[in-house]
Novice: 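First, the structure itself, so that you have it in front of you.
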Amino acid sequence: MSNQPSVRVRFAPSPTGPLHMGGVRTALFNYLFARKNGGTFILRIEDTDQTRYVKGAEDYIIESLKWCGLEFDEGPVQGGNYGPYRQSERKAQYREYADLLMEKGHAYIAFDTAEELDQARKEAEADGKTFSYDEHSRMSMKNSLSMPKEEVDKLLLENAPHVIRFKMPEQAEVVEDEDMIRGRVSFRTSDLDDKVLFKADGMPTYHLANVVDDHLMEVTHVIRGEEWLPSMPLHVLLYRAFGWDKPIFAHLPLILKPQGKGKLSKRDGDKLGFPVFPLKWTDPETQEVAAGYREDGYFPEAFINMLALLGWNPGTEQELFTKDELVNAFSFDRVNKSGARFDPEKAKWFNHQYLIQKTDEELAGLFGPVLVEKGVVPPPVDHLAKIVALVKERVSFVHELWEQSSFFFVAPDAYDAKVVKKRWKGEIPAFMDKLAVFFKNDNGLWSAAVLKEEVSKLIEENEMNFGGVMNALRLALVGGSFGPDLFTIVEMLGQDEVVTRINKAVSELG
RNA sequence: GGUCCCUUCGUCUAGUGGUUAGGACGCCAGGUUUUCAUCCUGGAAACAGGAGUUCGAUUCUCCUAGGGACUGCCA
């Protein structure tokens with residue numbers, strides 16, 4: 001019999017805005033670890049900061065993860081045996097735990113106002129120092145440790161605003177913990193300060209809420225971003241102060257900007273033209289719109305695949321993974337310690353890979369709505385699939401299919417000037433006229449192979465240059481020098497359309 | 001400033017004392033393609049620096065440098 005508790009992990013975002021792709025990756029690694037170990041994946045909304053609450057953010061988070069295919073086992077939507085799953089709805093219990101800590105002598109009440117603390121910080125800064133609310137300063141601050149009990153009671157009776165702070169142990173020691181990614185990490189308690197656990201507004205801070213909830217929800221592994229590493233010792237100390245078993249921690253490396261310094265931010269996306277968020281987001285205050293991977297045409301599987309390889313690798317040369325393959329291959333042993341610079345180009349490459357893996361019929365189905373948007377009535381799926389097959393290798397997104405194949409649906413309304421200059425000259429216009437007549441009178445089999453043979457012969461008889469004619473014909477049919485095999489285009493366009501387009505080019509280009 | 005974390009091609013990374021330091025994206029060249037793209041082949045491109053340990057360090061230790069995170073009654 002194994003007495004290993006089954007794995008329970010949580011993704012705990014704060015609904016202060018759209019979910020960043022770094023957040024999606026954190027959720028993904030939690031998900032992969034849970035699924036790999038037959039564990040439970042929990043969503044917990046960390047909305048303890050009322051001032052930063054953003055309307056719609058929670059729905060956005062849930063929809064984003066759903067789009068990514070990361071299903072939760074427990075959360076605010078589906079419930080579970082450890083609810084509620086929103087910290088605001090768990091509010092009642094936190095004070096009780098803060099009080100428990102005070103009873104045990106691990107926490108105390110502090111009356112210093114935010115302004116006073118600001119002042120203290122400014123003064124220290126002017127001195128070239130940093131203010132720290134710790135064992136050296138706490139006796140000169142306003143709190144239940146420094147003030148007589150009667151005065152504290154009096155203030156409490158008057159409902160004076162106060163917070164509850166953690167009391168860092170005075171006995172200096174080294175707090176060590178084994179991180180799943182980083183190995184042994186250690187801190188000296190003498191470097192740590194008395195963090196606020198419970199705020200004057202009656203809500204806990206992240207530190208308290210997170211420890212209490214993870215304990216109550218029986219979370220076994222805390223997998224979060226590296227930005228939390230510095231508060232790990234506080235959390236370890238909190239578990240110890242409560243007398244609880246602590247979970248195992250894993251601090252993920254950050255996702256960095258494609259260029260320049262620092263972690264990836266919304267601004268980088270705007271500047272370099274790629275999404276930073278999974279879904280499009282409209283700020284409810286400013287109406288400002290931020291691009292999303294979904295709306296930009298990325299496949300969720302490609303997005304997830306790309307994200308998984310940012311900081312993790314399988315140790316093999318495989319780069320394309322289905323979600324199940326990721327679950328199977330995933331391990332924290334193979335998660336890197338250092339931050340990973342995000343490469344938008346590689347993200348596109350991943351999407352291209354997923355796109356060409358799809359069947360022509362699937363892509364035709366996805367392409368249909370794009371055509372409708374362009375004002376084109378989509379042809380039957382089998383015909384559309386044929387067109388898609390000709391051009392899919394050259395695009396990364398479904399919407400790019402249009403740029404590569406629009407001439408199959410509408411005649412070119414303009415001719416690429418550079419190509420005109422280079423290809424439409426000399427004997428060409430006269431010969432194109434002949435070619436139109438030839439096509440018009442053609443009674444043979446209208447197929448690429450046959451047409452190619454016939455046209456080749458015609459070119460030879462007229463002592464024209466094959467390449468030159470082909471390029472001019474291409475110009476007439478598609479408007480530029482791009483597209484798949486020319487005779488395939490001729491075949492698919494059909495006799496009448498080909499003749500019409502050549503005549504139109506001759507009359508417009510002279 | 002303080003604390004902690006990190007450091008292999010431009011980027012993502014493989015590598016756990018002895019390798020021509022491998023792959024992928026991107027880039028360049030050649031070939032194929034009547035065009036463009038695809039595709040194929042090839043190429044340029046990295047162990048931050050310095051001390052140790054060792055017969056031998058990309059791999060282990062230390063120092064330096066660089067980068068990053070945190071340093072809020074935000075998470």
Side-chain angles (χ1 to χ4, degrees), chain A residues 12-16 46-49 51-52 87 110 112-114 117-118 121 124-125 128-133 161-165 179 181-182 185-188 190-193 195-207 209-210 224-233 251 253-254 256 258-259 261-263 306 309-320 334 336-350 356 390-395 404 419 422-423 452 456 459 465-475 478 480-487:
Chain A
S14 186
T16 53
E46 309 238 322
D47 55 351
T48 52
D49 186 352
T51 63
R52 292 213 309 159
Q87 291 185 325
D112 317 272
T113 64
L117 292 169
D118 269 354
R121 285 190 192 100
E125 201 176 328
K129 293 176 193 153
T130 306
F131 172 75
S132 175
Y133 207 119
H162 62 276
V163 301
I164 297 173
R165 283 180 183 271
D179 183 282
I181 295 168
R182 282 148 218 286
V185 179
S186 62
F187 297 82
R188 277 176 294 280
S190 52
D191 292 326
L192 273 23
D193 64 343
K195 281 275 182 291
V196 171
L197 300 178
F198 196 85
K199 302 184 275 188
D201 66 0
M203 283 293 232
T205 59
Y206 171 83
H207 303 295
N210 144 289
R224 73 228 300 196
E226 189 185 343
E227 66 268 29
W228 293 109
L229 199 51
S231 50
M232 187 185 76
H251 289 94
L254 265 13
L256 275 16
Q259 47 186 246
K261 295 177 176 186
K263 63 176 175 179
M306 177 274 293
L309 270 298
L310 228 42
W312 171 84
N313 78 82
T316 65
E317 284 176 4
Q318 184 179 356
E319 292 201 88
L320 266 18
R334 302 208 63 90
N336 276 293
K337 296 182 177 83
S338 50
R341 222 177 252 281
F342 172 64
D343 180 0
E345 286 307 313
K346 190 132 190 187
K348 278 185 196 163
W349 177 80
F350 272 107
I356 60 179
L390 293 173
V391 298
K392 71 177 189 179
E393 290 283 354
R394 50 188 85 201
V395 303
Q404 291 296 327
V419 181
K422 191 172 169 195
R423 307 291 188 188
K452 180 171 183 178
S456 299
I459 289 172
N465 171 277
F466 188 76
V469 173
M470 290 298 97
N471 285 305
L473 177 57
R474 179 179 290 279
L475 177 66
V478 315
S481 69
F482 62 94
D485 177 70
L486 189 51
F487 286 100

Novice: At under 4.0 Å between heavy atoms, how does the protein contact nucleotides 22-27 of chain B? Give one character per nucleotide, 5' to 3', with B, S or -.
Specialist: SSBB--
Novice: Here's a test of your reading of the structure: between A/Asp191 and A/Gly467, which maps to the more 5' nucleotide of RNA chain B?
Specialist: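 That would be A/Asp191.
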Novice: Is it the case that B/rU38 (base atoms only) and A/Arg394 (side chain only) share a donor and an acceptor within less than 3.5 Å, ignoring hydrogens and angles?
Specialist: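 By the distance-only test, no, there is no pair.
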Novice: Output all residues satisfying side-chain contact (heavy atoms from CB on, under 4.5 Å) with A/Arg341, sequence neighbours left out; order by chain, then residue number.
Specialist: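 With sequence neighbours excluded, A/Arg341 shows a side-chain contact (heavy atoms from CB on, under 4.5 Å) to A/Leu256, given in chain and number order.
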Novice: Please list, pair by pair, any protein nitrogen or oxygen found under 3.5 Å from a nitrogen or oxygen in nucleotides 13-15 of chain B.
Specialist:
from   : atom 1 : to       : atom 2 : distance (Å)
B/rU13 : OP1    : A/Gly311 : N      : 2.9
B/rU13 : O3'    : A/Asn313 : ND2    : 2.9
B/rA14 : OP1    : A/Asn313 : ND2    : 2.5
B/rA14 : O3'    : A/Arg334 : NH2    : 3.2
B/rG15 : OP1    : A/Arg334 : NH1    : 3.3
B/rG15 : OP1    : A/Arg334 : NH2    : 3.0

Novice: What I want to check is whether the side chains of A/Ser338 and A/Asn336 have a donor and an acceptor closer together than 3.5 Å.
Specialist: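 Per modelled atom types, A/Ser338 and A/Asn336 side chains form no pair under 3.5 Å.
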Novice: Who are the side chain to side chain donor-acceptor pair (under 3.5 Å) partners of A/Arg182, not counting sequence neighbours?
Specialist: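 Partners of A/Arg182 under the side chain to side chain donor-acceptor pair (under 3.5 Å) test: none.
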Novice: Looking at B/rC74, I'd like to know if its phosphate oxygens (OP1 or OP2) sit under 4.0 Å from a side-chain N or O belonging to A/Thr205.
Specialist: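 So the side chain of A/Thr205 is outside the cut-off, no N or O lying under 4.0 Å from OP1 or OP2 of B/rC74.
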Novice: If the condition is side chain to side chain donor-acceptor pair (under 3.5 Å), which residues does A/Lys263 pass it with, not counting sequence neighbours?
Specialist: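 A/Lys263 satisfies side chain to side chain donor-acceptor pair (under 3.5 Å) with no residue once adjacent residues are dropped.
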Novice: I'd like to check the side chain to side chain donor-acceptor pair (under 3.5 Å) partners of A/Glu46; sequence neighbours left out, ordered by chain and number.
Specialist: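 Checked A/Glu46 against side chain to side chain donor-acceptor pair (under 3.5 Å); matches are A/Arg44, A/Gln87.
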Novice: Touch check for A/Gly483, heavy atoms < 4.0 angstrom, all strands: base, sugar-phosphate only, or nothing?
Specialist: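 Since a base atom lies under 4.0 Å of A/Gly483, the category is base.
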Novice: Please tell me which of the listed nucleotides, B/rU34, B/rC5, B/rC36, lies nearest to the side chain of A/Met470?
Specialist: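 Among the listed nucleotides, the one closest to the side chain of A/Met470 is B/rU34.
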Novice: Taking everything shown except A/Gln318 itself, do over 12 heavy atoms lie less than 6.0 Å from its CD?
Specialist: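 It does: A/Gln318 CD has more than 12 such atoms within range.
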Novice: According to side-chain contact (heavy atoms from CB on, under 4.5 Å), who are the partners of A/Glu345, at least two apart in sequence or on a separate chain?
Specialist: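 A/Glu345: side-chain contact (heavy atoms from CB on, under 4.5 Å) contacts with A/Asp343, A/Lys348.
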Novice: Under the rule for side chain to side chain donor-acceptor pair (under 3.5 Å), what residues qualify as partners of A/Arg334, not counting sequence neighbours?
Specialist: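 In terms of side chain to side chain donor-acceptor pair (under 3.5 Å), with neighbours along the sequence ignored, A/Arg334 is linked to A/Asn313.
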Novice: If the sugar-phosphate is the primed atoms plus P, OP1 and OP2 and the base is the rest, what is the B/S/- string for nucleotides 65-72 of chain B, using protein heavy atoms under 4.0 Å?
Specialist: --SSSS-S
Novice: State whether A/Arg188 places a side-chain N or O below 4.0 Å from either non-bridging phosphate oxygen (OP1 or OP2) of B/rG2.
Specialist: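 For B/rG2, neither OP1 nor OP2 has a side-chain N or O of A/Arg188 closer than 4.0 Å.
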Novice: Let's test this: given Watson-Crick or G-U wobble pairing with both distances under 3.5 Å, identify the partner of B/rA37.
Specialist: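 Result: none.
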Novice: Under 3.5 Å, which protein N or O atoms sit close to an N or O of nucleotides 40-42 of chain B? Give each pair with its distance.
Specialist:
none

Novice: What nucleotide, of B/rU34, B/rC73, B/rC5, holds the atom closest to the side chain of A/Asn471?
Specialist: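 Output: B/rU34.
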Novice: Restricting to side-chain contact (heavy atoms from CB on, under 4.5 Å), what partner residues turn up for A/Thr16, sequence neighbours left out?
Specialist: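 For A/Thr16 the side-chain contact (heavy atoms from CB on, under 4.5 Å) partners, ignoring immediate neighbours, are A/Ser14, A/Arg52.
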Novice: Name the nucleic acid region contacted by A/Pro258, choosing base, sugar-phosphate or nothing; use a 4.0 angstrom heavy-atom cut-off, strictly under.
Specialist: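 Nothing, no nucleic acid heavy atom in range.
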Novice: For RNA chain B, whose closest nucleotide is more 5', that of A/Phe487 or that of A/Val185?
Specialist: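 The residue mapped nearer the 5' terminus is A/Val185.
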Novice: Can you name the residues that form a ring-ring contact (aromatic ring centres under 6.0 Å, His included) with A/Trp349, not counting sequence neighbours?
Specialist: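 In terms of ring-ring contact (aromatic ring centres under 6.0 Å, His included), with neighbours along the sequence ignored, A/Trp349 is linked to no residue.
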